[in-house]
Amino acid sequence: MLQCGLLGEKLKHSYSPMIHAQLADYAYRLYERAPEELDLFLRSAEWDGLNVTIPYKKTVVPYCDVLSPQARQLGSVNTLVHLPDGRLYGDNTDYFGFSCLVDSSGIRVAGRRAVVLGSGGASVTVCAVLHAMGAQSVAVISRRGEDNYQNLDRHADAQIIVNTTPLGMYPDNGKAAVDLRRFPKCEGVFDLIYNPARTALLMQAEELGIPCRSGLRMLVAQAARSCERFTGGTVDASRIGEIEQTICAKLQNIVLLGMPGCGKSTVAAALGKRLGRPVYDSDALVAQRAGMTIPEIFSRDGEERFRALESEVLSELGKLSGAVISTGGGCVTRAENYPLLHQNGRIFWLQRALESLPAEGRPLSRKHSPQELYARRERLYERFADRVIDNNGSVEQTAERIEESLQ
């Protein structure tokens, strides 16, 4: 069996093994190597094929006996293969990956003015693709270059924005290199980051109604092309979209919200068991963090303190992938909770008849009738939710509906 894998310095959260497992039958490992270990590793017979990521895409170039035209043009290698005659072949499949991302997005590049954020290896590849696709102009924004973040106004007419920087990448979620409102003519946004699924930049694009895409399609497409280099075979183009959808379904969080007592915790437990996913209850975690029950928090410190603790917990839960998250009934009352839950999640609003909702042990339900609470929160639930799920039947029926909607 071929021994393949990903070479990099820090690889803990890589999706690559999950992707390559769906592409072909070869072993695929994560090879975390420090710079001082690189020379010995690259000269070893420990591997047959490698993907290469930060910070080694340029470092490995001198080790290659043969370079593909693309790798030679870009001066960057992300795929290495030991040839049968012992020589080392280097290719750049990121070019193909970004081309697939743009093609699949429906966002038109030809004739458009583009701004690329970042000047690293990924930026070089992105610029090459944009030029090849007929972009009218491509400006690279860096911290210290002629075009930088202090003089962005000179590019206010940009129509395409591509982020190649790590700003906003897990675990530093919530950051963005630019404010899209500075680009009133923007028609499309690409962020090469794929974890979280929706960076702060992409969520702002959504809010402004600008078409946008994450880097997951690029990751899958470059992996497919690398697989072809490893095996000498071909990967059907349709597999790229299929694998992307499979990864999305597997890694997106299932977030449940709704009125107090609507069954979120019960349904979350059923989904966790059904799908083999970890389950988190934000109310339980708030109580654990505070060292007291939720009624005690309300009684001693008031609702505002509870809401602040709740947002802290949701900030941590929202960074997870592939989890089931049951939220408190009032989490929608804080607008800042939406991006925390939306960044990696599909949000389901569980609806149950108001007369069936219990009030015991629920501070706000004791002070306000379910009808009053619902009237205040209905529009907030609508704003947060991707899908409304009827939970007036059995728990298993509800869980089945949610599972079906993930496909």
Side-chain angles (χ1 to χ4, degrees), residues 54 98 101-102 105-109 111-127 129-130 133 135-218 308 311-312 314-316 318-319 332-345 347 380 383-384 386:
I54 297 171
F98 185 65
L101 171 59
V102 176
S105 70
I107 297 171
R108 184 178 174 184
V109 167
R112 300 308 197 258
R113 293 176 293 276
V115 160
V116 178
L117 307 174
S119 57
S123 173
V124 174
T125 301
V126 165
C127 289
V129 172
L130 293 175
M133 289 185 165
Q136 178 181 324
S137 62
V138 181
V140 176
I141 310 300
S142 61
R143 285 176 291 182
R144 301 179 188 86
E146 179 182 350
D147 293 303
N148 54 65
Y149 296 98
Q150 281 66 54
N151 59 25
L152 276 175
D153 290 345
R154 66 169 67 173
H155 301 291
D157 61 350
Q159 296 156 293
I160 303 295
I161 308 291
V162 185
N163 178 48
T164 69
T165 78
L167 275 172
M169 184 168 64
Y170 178 90
D172 296 320
N173 305 39
K175 300 176 182 178
V178 296
D179 183 341
L180 292 174
R181 289 172 296 186
R182 301 183 68 173
F183 305 95
K185 296 184 178 181
C186 186
E187 300 174 6
V189 176
F190 299 97
D191 197 327
L192 302 196
I193 293 170
Y194 52 86
N195 183 12
R198 302 175 189 89
T199 59
L201 185 71
L202 293 182
M203 285 192 282
Q204 187 184 34
E206 286 183 1
E207 185 179 352
L208 296 173
I210 303 170
C212 58
R213 289 291 298 273
S214 80
L216 185 57
R217 172 62 69 103
M218 177 178 175
S311 291
E312 287 179 16
L314 294 180
S315 177
E316 296 169 9
K319 292 181 180 182
V332 294
T333 60
R334 278 199 167 197
E336 59 263 42
N337 291 337
Y338 174 71
L340 301 179
L341 297 171
H342 180 59
Q343 62 182 329
N344 263 337
I347 304 175
L380 300 177
R383 179 181 178 273
F384 273 54
D386 294 307

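Side-chain atoms are counted along with the backbone in the values below, which use heavy atoms only and exclude waters and symmetry mates. Positions are given from 1, in the same order as the sequence printed here.
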Is there a donor-acceptor pair closer than 3.5 Å between any side-chain N or O of D386 and the backbone N or O of I347?
yes
Can you list every side-chain hydrogen bond (donor to acceptor under 3.5 Å, both in side chains) pair that touches residues 201-213, not counting sequence neighbours?
S104-R213, D179-Q204, E206-H342, R213-E244
Is the closest side-chain heavy-atom distance between R154 and E146 below 4.5 Å?
yes
Mind checking the CG-CG spacing from L201 to L180? Nearest 0.5 Å is all I need.
4.5 Å
Where is the tightest heavy-atom contact between F98 and M218, given as atom of each residue plus distance?
N-CG, 3.6 Å
Over 12 non-hydrogen atoms of neighbours within 6.0 angstrom of CZ in R143
no
So do V126 and L192 actually touch side chain to side chain, heavy atoms under 4.5 Å?
yes
For S214 and A197, which heavy atoms make the closest approach, and how far apart are they?
CB-O, 3.4 Å
What I'd like to find out is whether the side chain of D147 reaches to under 4.5 Å of the side chain of V140, using heavy atoms alone.
no
Minimum heavy-atom separation for N344 to K319, with atom names?
ND2-O, 3.5 Å
Within the distance-only criterion (no hydrogens, no angle test), does the side chain of N148 pair as donor or acceptor with the backbone N or O of N151 below 3.5 angstrom?
yes
Test your reading of the model: is there a side-chain donor-acceptor pair from Q159 to the backbone of R113, 3.5 Å cut-off?
yes
Measuring from atom CG of D153 to atom CZ of R182, what distance do you get when rounded to the nearest 0.5 angstrom?
5.0 Å
d(I161 CD1, C186 SG) to nearest 0.5 Å is 4.5 Å
OG1 of T199 to NZ of K175: how many Å apart, nearest 0.5 Å?
13.5 Å
Would you give the length of the straight line joining atom NE2 of H155 to atom NZ of K185, rounded to the nearest 0.5 angstrom?
14.5 Å
Between A156 and P184, the two heavy atoms sitting closest are O-CD, 3.5 Å
Over all atoms of both residues, closest heavy-atom pair of A114 and L130
CB-CD1, 3.9 Å
Correct closest heavy-atom pair for V116 and C127 would be CG2-SG, 4.0 Å
Contact between M203 and Q343 at the side-chain level, heavy atoms closer than 4.5 Å - yes or no?
yes
Using atom types as modelled, flag every donor-acceptor pair under 3.5 Å from a side chain in residues 162-170 to any protein atom, sequence neighbours excluded.
| from | atom 1 | to | atom 2 | distance (Å) |
| --- | --- | --- | --- | --- |
| N163 | OD1 | T165 | N | 3.2 |
| N163 | OD1 | T165 | OG1 | 2.8 |
| N163 | ND2 | T165 | O | 3.2 |
| N163 | ND2 | D191 | OD1 | 3.0 |
| N163 | ND2 | D191 | OD2 | 3.4 |
| T164 | OG1 | L117 | O | 2.6 |
| T165 | OG1 | L167 | N | 3.2 |

Close side-chain approach of F183 and I210, heavy atoms under 4.5 Å
no
Is it the case that over 12 heavy atoms from other parts of the model lie below 6.0 angstrom from the CG atom of L208?
yes
Spacing of L101 atom CG and R217 atom CZ [to the nearest 0.5 Å]
8.0 Å
